[in-house]
Amino acid sequence: MSTLFRLAFLAVLALSVPTAWADDAAAPTAPVLLGVDKISAGDTAWMLTSTALVLMMSIPGLALFYGGMVRKKNVLATLMQTFAITCMVTLLWWLIGYSLAFTPGSPFLGGTSRAFFNGMTFMHDPANKMSVSHLALTIPETVYAMFQMTFAIITPALIAGAFADRMKFSAMLVFMAAWSLLVYAPIAHMVWEPTGWLSKAGVLDYAGGTVVHINAGIAGLASCLVLGKRLGYGREQMAPHNLTLTLIGASLLWVGWFGFNAGSAGAADGRAGMAMLATQMATAAAALAWMCSEWVSRGKPSVLGIASGAVAGLVAITPASGFVGPTAGVIIGIVAGIVCFIAATSLKHALGYDDSLDAFGVHCVGGIVGALLTGVFASKEISGSDGSVLIQLQGVAVTLVYGFAASFVILKIIDKTIGLRVAEEQEREGLDISLHGESIE
Amino acid sequence: MSTLFRLAFLAVLALSVPTAWADDAAAPTAPVLLGVDKISAGDTAWMLTSTALVLMMSIPGLALFYGGMVRKKNVLATLMQTFAITCMVTLLWWLIGYSLAFTPGSPFLGGTSRAFFNGMTFMHDPANKMSVSHLALTIPETVYAMFQMTFAIITPALIAGAFADRMKFSAMLVFMAAWSLLVYAPIAHMVWEPTGWLSKAGVLDYAGGTVVHINAGIAGLASCLVLGKRLGYGREQMAPHNLTLTLIGASLLWVGWFGFNAGSAGAADGRAGMAMLATQMATAAAALAWMCSEWVSRGKPSVLGIASGAVAGLVAITPASGFVGPTAGVIIGIVAGIVCFIAATSLKHALGYDDSLDAFGVHCVGGIVGALLTGVFASKEISGSDGSVLIQLQGVAVTLVYGFAASFVILKIIDKTIGLRVAEEQEREGLDISLHGESIE
Amino acid sequence: MSTLFRLAFLAVLALSVPTAWADDAAAPTAPVLLGVDKISAGDTAWMLTSTALVLMMSIPGLALFYGGMVRKKNVLATLMQTFAITCMVTLLWWLIGYSLAFTPGSPFLGGTSRAFFNGMTFMHDPANKMSVSHLALTIPETVYAMFQMTFAIITPALIAGAFADRMKFSAMLVFMAAWSLLVYAPIAHMVWEPTGWLSKAGVLDYAGGTVVHINAGIAGLASCLVLGKRLGYGREQMAPHNLTLTLIGASLLWVGWFGFNAGSAGAADGRAGMAMLATQMATAAAALAWMCSEWVSRGKPSVLGIASGAVAGLVAITPASGFVGPTAGVIIGIVAGIVCFIAATSLKHALGYDDSLDAFGVHCVGGIVGALLTGVFASKEISGSDGSVLIQLQGVAVTLVYGFAASFVILKIIDKTIGLRVAEEQEREGLDISLHGESIE
Amino acid sequence: MKLITAIIKPFKLDDVRQAISDVGVQGVTVTEVRGFGRQRGHTEIYRGAEYVVEFVPKTKIEIAVDNALVDQVIEAIFKSAQTGKVGDGKIFVFDLAQVVRIRTGERDSSAI
Amino acid sequence: MKLITAIIKPFKLDDVRQAISDVGVQGVTVTEVRGFGRQRGHTEIYRGAEYVVEFVPKTKIEIAVDNALVDQVIEAIFKSAQTGKVGDGKIFVFDLAQVVRIRTGERDSSAI
Amino acid sequence: MKLITAIIKPFKLDDVRQAISDVGVQGVTVTEVRGFGRQRGHTEIYRGAEYVVEFVPKTKIEIAVDNALVDQVIEAIFKSAQTGKVGDGKIFVFDLAQVVRIRTGERDSSAI
Ligand SMILES: Nc1ncnc2c1ncn2[C@@H]1O[C@H](COP(=O)(O)OP(=O)(O)O)[C@@H](O)[C@H]1O
Ligand SMILES: Nc1ncnc2c1ncn2[C@@H]1O[C@H](COP(=O)(O)OP(=O)(O)O)[C@@H](O)[C@H]1O
Ligand SMILES: Nc1ncnc2c1ncn2[C@@H]1O[C@H](COP(=O)(O)OP(=O)(O)O)[C@@H](O)[C@H]1O
């Protein structure tokens, strides 16, 4: 019989039934070594793909989305920010970031056991076992760490939209490095790692509405407040120089977001499918909602508008995707499209800060909309977990307060030491030539 | 023994042998609830990926392919069409489109049971079952619906190539909405859903040569006939403003088409592999065939030529991909490359209609070539089904007649009511500024 | 019991344990027919995806990477080269290339049994068996052949960077066709096919550091030596016309490279995961290493610099990826970034050849760095195979000598017959107009 | 000799070139320019920020002619460039002190 | 009548347009140009290859005015375009033999 | 003072600049222009549709000089821009009524 049982067990695992562990001993609470036979090739295939998709969101996706919106003299500098952040955060994640975020530790921060990806072996380990994260039991830990790395990359890259056209490249690197370890890692741990206190509190954040978008958006607000407005803001022409790039970027963000949301299932299963479907519905609904709001209030539907709406929808559905169905997705999308339209077009000008590319207006505001509506629409039938607006609110509040405060302090310190902002002539000449010695024809 | 049998059955399913159902009771004829253990993670992984790939074909792929071919003053408006169609069709598909196309019903149209994706549950359904489409038994229905949605999106987007630079954005939205429900859904049902009459008649259309390409191409012809030529057609310069964009688009179409054709296997199996290989062969052959025809007849091989040839090959192999081998792929490609070259370069100017970006010349003509040659080359050894040119001809004829008539009527109604075409000054100033209030530097 | 055994065997295969064959008879040494039940859907899903990713590296990835670096008057001609090579090599691979490279034969060249992909059946083969390559036992041979085809495509495309802006399109086609069959196929066979002598000798080349990059780079050097410098080299402005394109290209190369390296595992398993992780670490490290070297030595960090560094890292980790861990990846990346920076910025100007886009400086030099360091860092614990710098050196030397000599001869023959270089006026007017009769606005 | 400069609507360029070659002008030099005048530009809105693009794209043509031809050429431009709507543009005439054809070194009239 | 041409720093265009319309000028034609002069350009480095971009982007404005207005306009441009730093540019004044408004056919003063 | 305008082949710009600075010219203003003349353009074909691009890209240079320098500068341009092939371009010379250096307010000769 035992043979029979093991066989059945093998077969079941091969099918990666998400509840596999129920049939077995207690689930692990830290990275463990498992037999290679417990790895699902199907789940691993999807997670490898998702990792590639999420990296594509940052480079070239986000780089182009932002690059097309700035003036021609700053396009290369804008692309450079995203690309350099991608490289730097990769090294930080290996150094210690992954360990701080995704290994058990205090309610606020993980441990250091995985520094340098220490202990992440794979199948040639003598006992033919390989390390697996306790957060994704059917795929190699290397894949899980890579997948999460792409999230750690795009989050700081999003911030850059708020201070486009005026920050020193060197200061930007220092800020992002500090922010990645002092803000991103702790928040990710609190919300996603089972020992994190917000996770314990029951905050639902499927793919990062709070950890990624609110977090990046509020840091963006802090940075445009500390840095001040662009030279000539409100007087000179600052129209996007090439929305073709922006539309390519928005499209790649959309496509890549399937890896972001459906990949957050950690498996190629029904939940991944439902997450993908909800994502698609919310994105389309938000894009049209923004476009129509604009059409009605300004007289013309614009390319920048529909693209911004799509991103707003993607942001808002991110925390909800694994918890809601397609129809809830449509509703979340419509609300996000309208609210973010108001935030980016009216609120900003009313309050008068220069959030150049609306990192706050789209990501923070959209993330809040999504986090709260997740509390409204998450339901047991669909995802097995019910939502609570109050608990969601807690997650939002903590992120807003800690994220703003920490970012503000880091920026002030850098400003006092090496200085944050480029010289006036550099800003006027354009960052491409003044910072990087390059220009486009 | 029964235990043994169930285990064997589990294992077999895990491998998603396409004939699984043979071993079992009769295959379902409508969407059903199956145990989650019958879902193949491997097949699901590939179908999730394919869905992302096909969406990438539309945005940014097709958007750029078309956007690069228009004049600089119309590039954003062209991108906008594809992007807006993507959003709108997503909502229509959820509303009712999917249900009309892919649920059993009359020989001409499906039912309404899946309106609002109603009943598409996943694994947290009490009995731990999830809904699966009768057309793809080893993946969640959510994934199948998403995959088919991307087909429903790109088809109307293809039409836009025929009337570039002169249609009102509002009229375009109305036309596409009507066309999607009144033309696409019925044709898809007739050809692909087992209760559809063309499907019953034995018409072979693996990935949409008829449903997608002939259908879009003929609608394109109807629209350029109803709209008339661009202002200054034949007199003014209308050279593509930036073929770099067009080449990026053609490349992404090619890459994404693997999801389109190999994804149409509904599984990650040998048939998907063969479909991918045949697709690659036909595309390369057609690209070179068009390039050489041009080189010989016009003296120079052009970037637009080789890119157009590649698309012609992709179109022609679409209906054949799952039914033929690589060598047949090469032959289909060569024929499609030469025939579409003649259609787009000589036929069009001979007949004098202004199919601006050759939606008809490439997609309809290429689709017909592919549909008929599928009848020639499909063979039992390879795919298990033999082809018949006559039956294929039936599918082609029905689509041409119904597609043209329905599109023509819809367009005439819109023209009489809200009007189809922009004002002369708007067309001269360019649609980017006149319709969307934006421009590129 | 035999029933039990077969079931266990089924299940085990379903999990694609790479050592499956150990449990069985001797592993096949040539393409064989296996029961469809031995195919892993998960591995197949990943390999289908990897194939799409690697094709995306060439079109549009590499095309844009190179296209952005040339002058505006040559951008279309540069894109055209990559696109045309993609099409032509596809046909050559089907014709005979795959067979020469990946079927058993002499130590120097494979057989002709797979000419025209002859004998590559899939599941509708009567006995319900399908053909599988002896190099990848859990996926259909069609998929393996397609995957390898994308490698055969990108390698010659890389060469084109060395002779940008001055070679006849016709001569380029002839050269690439000859090179693909006379240089690429034999080297691939020697290094990768078990009967190849370098493979027997124990040369480690996980994903093509030797076969692809050293090979392409040295051919690039040969071609820029035979062709001579661009007109006005050193006097006229030859600054990259649009680094936006180059950055998009570098990004897509990076993303696609996951298919290149992790896909070379031939499965969705722990080794693929580790290969992906090592790739990411090396790329980021090399990009920053190049950027910093430039910052220190030239005063400014540049977009072209960080992008070039990323590619240098991708090149160097290619042979090592499946054999080393993330920390070794970081070291390999740093070395590659610095060495390639020196090669492309100082060495080239010192020696005075005009390797226009640094095909030699980045791919050959980076490939050598990677091949040798693979000998240093490959270790049993990680990959099951130890490395030897001496044996690696042998592989490098053979490729350098044979590759340079063969390329040189082919080029000389073409030069003497149809001629390699465009006329002076054509070069001055720009290849876009003179060779292809097109231009960008 | 005179240099006749005209600022016209871009889409009129072909007509004007036809008209002047009919009166025997062989060479023209054309420049894309931005015009400010009675004709207004347009407004673009990006995320609520309005940018008034005040200029209108115009095309400037420069033609060196013998005094004999001046009036016919002006007439030709005037006729072919006119739409009657605001923004049709201007014709400016300057005295040319000297002309040289670089290829041959010919001077003045024979250089045109 | 005269044609006043000025080469100015691009970011000064709005100020200059404001200043001249204050003295009653309605129309201007603007061209993007590359300037070489005392003000130096910049250097770009691509993979170790230095490219000295010697020119500086400048904006050229052309204004046809009645003789009466010439001095005021020059003064206006001079004041509004000046930064005091090298590269501020030049003002050139030419005699205009004739002016025609294409829309109406008006000539000379009334055509401006 | 005179303003010397030359229409030349773009790739000759560096040579011409060298030549004129050798005779003491410090400043030049350069504009990209499209030239129509004896030299023909080229034809582009897109999917069978032929587009005849009639113009040839040219570069226009403008140099303000003292009367004393005029002949040398013309000579310098003439020599350095010539290839002897059709399309070498033209040199036009205008009288300059006034020149002002915006930075300093210097006038005429001292402003150049
Ligand atoms: N005083 C002027 N100096 C130089 N260019 C002018 C002047 N007035 C008009 N223009 C040019 O002529 C173009 C058309 O003039 P505008 O006043 O708009 O219409 P119209 O010529 O019909 O009166 C303007 O866009 C500008 O380029
Ligand atoms: N002799 C000249 N002829 C034509 N244009 C000139 C001449 N001298 C200067 N310029 C133009 O004026 C611009 C500014 O001149 P520059 O010498 O740099 O500074 P400044 O005007 O302060 O002396 C130059 O970039 C050039 O466009
Ligand atoms: N009458 C003219 N007025 C203004 N520009 C002219 C005139 N004739 C020629 N050009 C300019 O000079 C360039 C060269 O003239 P072209 O007739 O082609 O050759 P060439 O100068 O050798 O006779 C033309 O492209 C045009 O830009």
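To find a chain, count down the sequence lines: A is the first, B the second, and so on, and within it residues start at 1.
R166(B) places a side-chain N or O within donor-acceptor distance of the main-chain N or O of A164(B), the cut-off being under 3.5 Å. For the pair K73(B) (side chain) and D165(B) (backbone), a donor-acceptor distance under 3.5 Å is absent.
At a 4.5 Å heavy-atom cutoff, S434(B) makes no contact with chain D through either its backbone or its side chain. The part of Y46(D) that comes within reach of chain B is its side chain, from C-beta onward, which places non-hydrogen atoms under 4.5 angstrom from that chain.
The most heavy-atom pairs under 4.5 Å with chain D, out of E429(B), R428(B), H436(B), come from R428(B).
Using a cut-off of 4.0 Å between Lys/Arg side-chain N and Asp/Glu carboxylate O, E236(B) and R230(B) are scored as not salt-bridged.
With 3.5 Å as the limit, one finds no donor-acceptor pair spanning the side chains of S80(D) and Q18(D).
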